[in-house]
2 protein chains.
Amino acid sequence: MNFSVTEENHIKAIFHLQQGEGTVSTNDLAAELHTKAASVTDMLKKLKAKKLLSYERYKGVRLSVEGKKLALAIVRKHRLWEYFLVDTLQFGWDEVHEVAEELEHISSKKLVEKLDAFLGYPKFDPHGDPIPDSHGKMAVQQQVNLIDLAINKTAEVSAVGSQSTELLELLKHKNIGIGTRLEIKKKFSFDHSIEIKIKNQNAFTISQQLAQVLFVKII
Amino acid sequence: MNFSVTEENHIKAIFHLQQGEGTVSTNDLAAELHTKAASVTDMLKKLKAKKLLSYERYKGVRLSVEGKKLALAIVRKHRLWEYFLVDTLQFGWDEVHEVAEELEHISSKKLVEKLDAFLGYPKFDPHGDPIPDSHGKMAVQQQVNLIDLAINKTAEVSAVGSQSTELLELLKHKNIGIGTRLEIKKKFSFDHSIEIKIKNQNAFTISQQLAQVLFVKII
DNA sequence: ATTTATTTTTAGACAAATCTAAATTTATTT
DNA sequence: AAATAAATTTAGATTTGTCTAAAAATAAAT
């Protein structure tokens with residue numbers, strides 16, 4: 001079975017919003033896809049007919065087994081390409097998302113398998129997100145939200161919760177990236193901001209909003 | 001400026017049929033693109049409006065300077081990806097065409113330049129065709145049509161004139177590929193078939209049609 | 001438990017890319 | 001040069017993905 005780029009993007013968006021379990025609303029999907037609710041409804045009917053999801057009107061949507069399989073295949077391609085761009089072609093980790101959005105729709109199965117082998121079957125992409133293997137299985141990473149990290153435990157930034165330009169700009173300014181080692185010096189309960197320290201730098205504070213999208217691996 | 005896959009495919013087809021100079025007919029384009037003449041006419045009007053080509057109804061079409069630039073950029077991407085697939089990912093040279101047809105439409109300029117650098121700025125793709133550089137310049141290869149090769153001169157197959165499944169099947173059966181060394185033993189003027197000999201194999205004859213799509217480099 | 005607000009769907013329209021069939025232009029024959 | 005054939009274009013229809021505006025269903029609030 002072959003699917004259009006639009007169809008694949010809907011499946012991917014549902015997968016991300018569904019986040020393991022739960023049902024996804026038309027409005028949330030429209031926001032995620034930068035489109036309108038009416039367009040989403042049309043597409044849901046189409047994807048239901050193709051048995052990629054279960055959908056009853058006004059009741060939200062949820063991927064079928066087939067749909068999840070497709071979503072995982074797309075996520076796999078996206079993350080493998082991101083790994084390739086950063087690891088092989090020396091892109092910065094913050095400039096690969098848009099390119100991978102295009103590359104993830106290249107259909108050749110053989111290409112994906114050969115690419116995976118060439119890269120050495122990586123388990124995590126440059127943002128720290130796990131790469132599904134050819135059966136759709138992903139490694140689980142023992143990562144923790146920065147908000148939840150204990151004080152004075154050294155940890156390494158392993159993932160960021162979004163790839164928005166705004167976030168990447170802020171991270172660049174604060175000099176935080178994947179692999180950055182830091183520890184928490186203080187937590188302020190008033191606004192839930194936290195003071196962090198990166199080796200050889202002065203401590204500084206970051207907002208709750210920022211801490212919530214940073215994931216770290218305890219070392 | 002950004003163009004759709006369909007628009008790019010039309011530009012590429014015109015470029016190939018134009019072959020340096022001359023004007024291209026609607027019917028030839030329709031055949032090349034596996035579409036209908038009426039559809040081509042519609043697209044030509046659109047591409048003319050975008051100033052990629054000059055076109056007067058009933059008079060054929062020819063690429064503008066802008067159009068040629070776009071065509072060369074697409075050809076560059078196609079051939080770089082083919083090189084990558086064969087050289088880096090270990091694809092067979094006869095199984096990369098379809099995948100490259102998809103990859104050539106990925107838009108990121110930075111990706112192309114980084115890929116080119118990673119591959120070491122190759123000058124020829126796995127089929128022996130020259131890869132345009134970032135300014136659109138291609139190396140000229142001293143290759144000759146097999147039909148024109150002198151008798152008893154050893155030569156190496158450097159390019160094939162088409163990537164059709166039918167041709168590739170025949171080449172596989174005859175055990176001919178890029179890099180194959182051979183010499184011509186006899187030319188038969190009756191049907192213009194030629195008898196060729198590959199080292200350690202018995203001589204055999206190939207048809208004019210086949211010889212005409214094989215290009216060789218004299219060693 | 002009504003009213004009000006929100007979400008979602010339907011209805012109808014539109015642009016892109018395609019097609020078939022008919023009309024038009026150009027090329028070829030006799 | 002008139003008749004015939006071939007190539008090309010136009011006209012009108014179709015499919016896919018999208019939209020706006022109005023209607024319908026569900027959720028929230030008084």
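Residue numbers begin at 1 in each chain, while the letters A, B, ... track the order of the sequences. What you see below is based on every heavy atom in this structure, not just the backbone, and it leaves out hydrogens, waters and symmetry mates.
Rounded to a whole Å, the NZ atom of B:K36 is 4 Å from the P atom of C:dT20. Atom CG of A:D42 and atom P of C:dA13 are 15 Å apart (whole Å). Between the P atom of C:dT18 and the CG atom of B:L33 lies a distance of 9 Å, rounded to the nearest Å. Rounded to an integer number of Å, the gap from NE2 of A:H34 to P of D:dC19 is 12 Å. Taking atom NZ of B:K59 as the reference point, atom P of C:dT25 lies 12 Å away to the nearest angstrom. Straight-line distance from the CD atom of B:E56 to the P atom of C:dT26: 12 Å, rounded to whole Å. B:M43 places its CE atom 11 Å from the P atom of C:dC19, with the value rounded to the nearest Å. The distance from atom CG of B:L44 to atom P of D:dT8 is 10 Å, rounded to the nearest whole Å.
Annotation: B:K174, atom NZ; neighbour count of heavy atoms from other residues, nucleotides and ligands within 6.0 Å is above 12. By the neighbour-count criterion of 12 heavy atoms within 6.0 Å, atom CD of B:E169 is sparsely surrounded, having that number or fewer from other residues, nucleotides or ligands.
B:K50 forms no cation-pi arrangement with B:F3, by the criterion of a distance under 6.0 Å to the ring centre and an angle within 45° of the ring axis.
Nucleotide C:dA21: paired with D:dT10 (Watson-Crick or G-U wobble, both distances less than 3.5 Å). C:dG12 is paired with D:dC19 under the criterion used here, namely a Watson-Crick or G-U wobble arrangement in which both key atom distances are under 3.5 Å.
Mapping A:A38 and B:Y58 onto DNA chain D by nearest heavy atom places B:Y58 at the nucleotide closer to the 5' end. Annotation: of the two residues near DNA chain D, B:K45 and A:R57, the 5′-most nearest-nucleotide partner is B:K45.
A:T35 has a side-chain polar atom (N or O) that falls below the 4.0 Å cut-off from OP1 or OP2 of D:dC19. Under 4.0 angstrom from either OP1 or OP2 of D:dT9 there lies at least one side-chain N or O belonging to B:T26. Of the side-chain N and O atoms in A:S25, none sit less than 4.0 angstrom from OP1 or OP2 of C:dT7. Distances shown here put every side-chain N or O of A:N27 at or beyond 4.0 Å from the OP1 or OP2 atom of C:dT6.
Side-chain N/O atoms of B:D191 and B:S193 include a donor and acceptor closer than 3.5 Å.
Between B:K12 and the choices B:H78, B:H105, B:E104, the side-chain hydrogen bond (donor to acceptor under 3.5 Å, both in side chains) rule is met once, by B:E104.
Side-chain proximity of A:A37 to the nucleotides C:dT9, D:dT18, D:dT9 is greatest for C:dT9.
Base contact: B:S39 has a heavy atom under 4.0 Å from a base atom.
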